[in-house]
2 protein chains.
Amino acid sequence: MTQELFARYSFLLDRTARKVKQYAQQQFKQGEFEVTVDQWLVLKNLSENGLMSQTELANLVFKDHPTLTRIIDLLCKKGYVERIPHPQDRRSFQVHLTQSGLAKVAELKPKVLEIREKAWENLNETDFEEFKRILNTIYQNLDGQTIDD
Amino acid sequence: MTQELFARYSFLLDRTARKVKQYAQQQFKQGEFEVTVDQWLVLKNLSENGLMSQTELANLVFKDHPTLTRIIDLLCKKGYVERIPHPQDRRSFQVHLTQSGLAKVAELKPKVLEIREKAWENLNETDFEEFKRILNTIYQNLDGQTIDD
DNA sequence: TACCAATTGTTAGTATGACAAATATATGAA
DNA sequence: TTCATATATTTGTCATACTAACAATTGGTA
């Protein structure tokens, strides 16, 4: 029975994901990036996609609404992001980067790529494709929905 | 340049790890397991290793000391675990499962394995070995220390 | 038009995670 | 013995995740 063996994936997955986030966060802190890893994810997606409602943004970064609300709150406080009332729908906001936010993204983008690269020492592109395939298969197995890429 | 490509691993990894925990937690709730996924990890390791100090336990499950203190607090409240003063070292506790905790582990163990299995649909043992190898390589790249398994 | 279900975003509560600092105790060196 | 240092655990703070409940608004439909 390989059941016991397979069950260890959740432990290794969780441990590695935490290590990846922790490592990046430490580098962010050391480089005085002034944002968290999750805040960076939101900034990056805003810079690539422009004006978006919070719901659209939440779907893009796969975070739930309450979490996104708080991240946006923090990014607003820091002056990187603004909420604009939606012209047609008064329930909704459109979120966008400020000048300061745009500058922050431009400044951090290359630095983040460099930080992310460290994890792939001793691994190649085939490993990456395998890794992506397995991660996405697991995600789909538990999600029941189709995902892209 | 494959830098941009590689950088996506962190997003996929984080997303999948969250999905795995979320799925398990939902099943735990639906089955009225009365513990969280992280609390289960601690119970399981206690059942496999017997009496341990909190520091030993923290190293085993790769959680930091404050996090473990709080998880133990909750498990004590639920009556699954007890702190026993260490006979030689008055700074330290030895943590162990109560009768109720032992019964809980026995009850949940097969159910958890079943829940964990779901993620591996459409994947085989080779995939698992690859996955484990890549996860551990990433961990080591960012940790700088040797790990077992 | 009036109603009602669905949608958008927020708030609150609990758990976890990372990190810093505090407390109590232990240990080794002078 | 005494003091500096190390270790075990706890406490505090901030950020994130998930759930549930809520307010405001929208849109379809009777």
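Chain A is the first sequence line, chain B the second, and so forth, proteins listed ahead of strands; every chain is numbered from 1.
Asp38(A) has its CG atom 13 Å from the C1' atom of dC14(D), to the nearest Å. Distance Ile71(B) CD1 to dT11(D) C1': 16 Å, rounded to the nearest Å. Asp64(B) has its CG atom 12 Å from the C1' atom of dT10(D), to the nearest Å. Counting to the nearest Å, the C1' atom of dC18(D) and the CZ atom of Phe28(B) are 15 Å from each other. Separating the CD atom of Gln39(B) from the C1' atom of dA17(D) is a distance of 15 Å, rounded to the nearest angstrom. One interatomic measurement links the two molecules: CZ of Arg90(A) to P of dA24(D), which rounds to 12 Å at whole-angstrom precision. Protein atom NE2 of His86(B) is 20 Å distant from nucleotide atom P of dA24(C), rounded to whole Å. In this structure, Arg18(A) places its CZ atom 14 Å from C1' of dC19(C), rounding to the nearest Å.
Across all strands, Gln94(B) comes closer than 4.0 Å to no nucleic acid atom at all (heavy-atom distances). Using a 4.0 Å heavy-atom distance criterion, Gln26(B) is classed as a sugar-phosphate-only contact. At a threshold of 4.0 angstrom between heavy atoms, the contacts of Leu68(A) with the nucleic acid are absent. When heavy atoms are screened at a 4.0 angstrom cut-off, Thr67(A) is found touching base atoms of the nucleic acid. If you check every strand for non-hydrogen atoms under 4.0 Å, Thr69(A) touches a base. Backbone-only engagement by Ser92(B) is indicated by non-hydrogen atom pairs under 4.0 Å involving sugar-phosphate atoms exclusively.
Residue Lys21(B) places none of its side-chain N or O atoms closer than 4.0 Å to OP1 or OP2 of dA17(D). Here Thr36(B) reaches the OP1 or OP2 of dT16(C): one of its side-chain N or O atoms lies under 4.0 Å away. Within the 4.0 Å cut-off from OP1 or OP2 of dT16(D), not a single side-chain nitrogen or oxygen of Lys63(A) is found.
Listed nucleotides dT9(D), dT8(C), dA18(C) differ in distance to Gln22(A); the shortest reach to its side chain belongs to dA18(C). Nearest to the side-chain atoms of Gln54(B) among the listed nucleotides dA15(C), dT9(D), dT25(C) stands dT9(D). Across dT9(D), dA18(C), dA15(D), the shortest atom-to-atom separation from the side chain of His65(B) is found for dT9(D). Of all nucleotides listed (dA17(D), dA20(C), dA20(D)), dA20(C) comes nearest to the side chain of Lys29(A).
At most 12 non-hydrogen atoms from other residues, nucleotides or ligands lie less than 6.0 angstrom from CD of Glu114(B).
Hydrophobic clustering of Ile, Leu, Val, Met, Phe, Trp and Tyr side chains at less than 4.5 Å, counting indirect connections, unites Leu102(B) with Val105(B). In the hydrophobic cluster analysis, where Ile, Leu, Val, Met, Phe, Trp and Tyr join through side-chain heavy atoms closer than 4.5 angstrom, Leu60(A) is grouped together with Ile71(A). Hydrophobic clustering (ILVMFWY, side-chain heavy atoms < 4.5 Å, transitive): Phe93(B) and Leu97(B) are in distinct clusters.
Checking Asp14(B) against Pro66(B), the closest nucleotide of DNA chain D that is more toward the 5' end is the one next to Pro66(B). Annotation: of the two residues near DNA chain D, Lys78(A) and Thr55(B), the 5′-most nearest-nucleotide partner is Thr55(B). Along DNA chain C, the nucleotide closest to Asp89(B) and the one closest to Lys19(A) are compared, and the more 5′ of them pairs with Lys19(A).
The base of dG12(D) sits within donor-acceptor range of the side chain of Arg70(B), with an N or O pair under 3.5 Å. For a distance-only test at 3.5 Å, the side chain of Arg91(A) fails to qualify as a donor-acceptor partner of the base of dT26(D).
Looking at Gln39(B), its side chain does come within 3.5 Å of a backbone N or O of Thr36(B) through a donor-acceptor pair.
Salt-bridge check for Asp73(B) with Arg83(B): passed, with a basic side-chain N closer than 4.0 Å to an acidic carboxylate O.
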